[in-house]
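Chain A is the first sequence line, chain B the second, and so forth, proteins listed ahead of strands; every chain is numbered from 1.
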Number of protein chains: 2
Amino acid sequence: MSRPDLERLGAVYPRYLNAVVLHGLATAQAVGMGPTDLYATGTLAFHGRMTSGELAAKTGLTTGATTRLIDRLEQRGLVRRVPDPADRRRVLVEAVATDAIGLDDALAPAREKLGAVFVSCSAEEIATLTEHFERATPAFHEAIEAVREAE
Amino acid sequence: MSRPDLERLGAVYPRYLNAVVLHGLATAQAVGMGPTDLYATGTLAFHGRMTSGELAAKTGLTTGATTRLIDRLEQRGLVRRVPDPADRRRVLVEAVATDAIGLDDALAPAREKLGAVFVSCSAEEIATLTEHFERATPAFHEAIEAVREAE
DNA sequence: AACATTATCTGCTTCTATGCAGATATTAGC
DNA sequence: GCTAATATCTGCATAGAAGCAGATAATGTT
């Protein structure tokens, strides 16, 4: 953070991240689930099919806890267990494309407020932001792995 | 989301938010606290002094649960209770400027990976990003309030 | 001065996520 | 085919967060 323009970013960015995570926690509470459950569902939706073990690795839970996690999600109809035909020990888990939980409603305020922020941007700014998000996403995932390994 | 450039953003952004929140959860776990506790501490650090009641409102907890929250944070030396001289029923809570918990270490990977993303940006792009974060932060806080009220 | 209101704290209870260790089922290696 | 390794599941135990209702203390209101 030596460049002068990065200075200001260094002050703004932590507050921003704090707000994003707090919003995530509030959203989970609004739909009546724990944060882990909600964001594991997101992970499944974005990543696609995944074995129980992979999900355990991504969430940082033990395999036992992950079984229970999947149970909870399945009970709510958010997720489906599919036996892996190639290896019948394994269970593939996939997100169901239904909002059985009112997540859309819970995210409505964020969509509205953030939408307003984005709409007022020029096409060029949107391009810059989109590219940033695209690059930041894997960076966060790598950071997650690194943090978990550091224990 | 009608503009063509917003289309792509709409696909990228949810994944990005998911990654940010997951990283927040992993960080909390790494420092051995619950997500609420960690991000309440952040809120205190950024907002400055705050009464117990205000903190309760910001976290969405009851006042009783907030008392316990402050107890936990105080025990870890992250926070200090200061009696309000103007109104002695009230307790002001303020963040202590010490990293008694290894948060800096836990955030190191994110700083590194994200730092790499930012450093490769032009000054103009950094300006765009900084401005966006500045505007998105209050938007998220408003969304949090809206979600809480909607219950 | 008496009463109502507000702010925080405490005792108690509950709920739920998680870990751990062992069970079960399947595959892989020799 | 027998043994070892792997993947998921189950039983049990625990810890910890959070709610609720009542207690305490301070302020404001008439």
Is the side chain of B:E145 donor-acceptor paired with the backbone N or O of B:E142 at a distance under 3.5 Å, no angle test?
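Absent.
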Heavy atoms within less than 4.0 Å of DNA chain C: which residues of residues 41-55 of chain B have one? Give them sorted by number.
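Only B:T51, B:S52, B:G53 qualify.
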On DNA chain C, reading 5' to 3', which nucleotide is the first and which the last to sit with an atom under 4.0 Å from a heavy atom of chain A, could you check?
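Here the contact window of chain A covers C:dA17 to C:dT27.
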Partner set under side chain to side chain contact (heavy atoms under 4.5 Å, CB included) for B:E94, not counting sequence neighbours:
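Checked B:E94 against side chain to side chain contact (heavy atoms under 4.5 Å, CB included); matches are B:R49, B:R80, B:V82.
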Distance in Å, [X] [atom1] paired with [Y] [atom2], rounded so as to fall on 0.5 Å steps:
{"X": "B:Y39", "Y": "B:T36", "atom1": "OH", "atom2": "OG1", "value": "11.0 Å"}
{"X": "A:T130", "Y": "B:D5", "atom1": "OG1", "atom2": "CG", "value": "7.5 Å"}
{"X": "A:D37", "Y": "A:I70", "atom1": "CG", "atom2": "CD1", "value": "11.0 Å"}

Would you say that more than 12 heavy atoms from the other residues, nucleotides or ligands in this model lie under 6.0 Å from the CD of B:E124, or not?
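Check fails, neighbour count at 12 or below.
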Atom CZ of residue position A:R72 - does it have more than 12 heavy atoms of other residues, nucleotides or ligands inside 6.0 Å?
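Enclosed: over 12 neighbouring heavy atoms sit under 6.0 Å from CZ of A:R72.
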Does any donor atom in the side chain of B:S120 or A:R135 lie under 3.5 Å from an acceptor atom in the other side chain?
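A donor-acceptor contact under 3.5 Å links the two side chains.
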Quick check on the hydrophobic clustering: are B:V79 and B:L103 connected, directly or via other members, by side-chain heavy-atom contacts under 4.5 Å?
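Yes, B:V79 connects to B:L103 through the hydrophobic network.
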What do the steps show when you test A:T59 against A:E54 for side chain to side chain contact (heavy atoms under 4.5 Å, CB included), and what is the final call?
CA-CA 9 Å; A:T59 54; A:E54 283 177 289; over 6 Å; no
Taking only residues two or more places apart in sequence or in another chain, which ones pass ring-ring contact (aromatic ring centres under 6.0 Å, His included) with B:F140?
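B:F140 satisfies ring-ring contact (aromatic ring centres under 6.0 Å, His included) with A:H23 once adjacent residues are dropped.
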Using a 4.0 Å heavy-atom cut-off, write out nucleotides 25-30 of chain D from 5' to 3' as B (base contacted by protein), S (sugar-phosphate only) or - (no contact).
BBS---
Between B:F118 and A:H132, what is the ring plane arrangement, given parallel below 30°, perpendicular above 60°, and tilted in between?
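Taking A:H132 first and then B:F118, their aromatic rings lie parallel (interplane angle under 30°).
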Produce the list of close N/O pairs, under 3.5 Å, pairing protein atoms with atoms of nucleotides 17-20 of chain D; give distances to one decimal.
| from | atom 1 | to | atom 2 | distance (Å) |
| --- | --- | --- | --- | --- |
| D:dA17 | OP1 | B:R72 | NE | 3.2 |
| D:dA17 | OP2 | B:R72 | NH1 | 3.4 |
| D:dG19 | OP2 | B:T62 | N | 3.2 |
| D:dG19 | OP2 | B:T62 | OG1 | 3.0 |
| D:dG19 | O6 | B:R68 | NH1 | 3.4 |

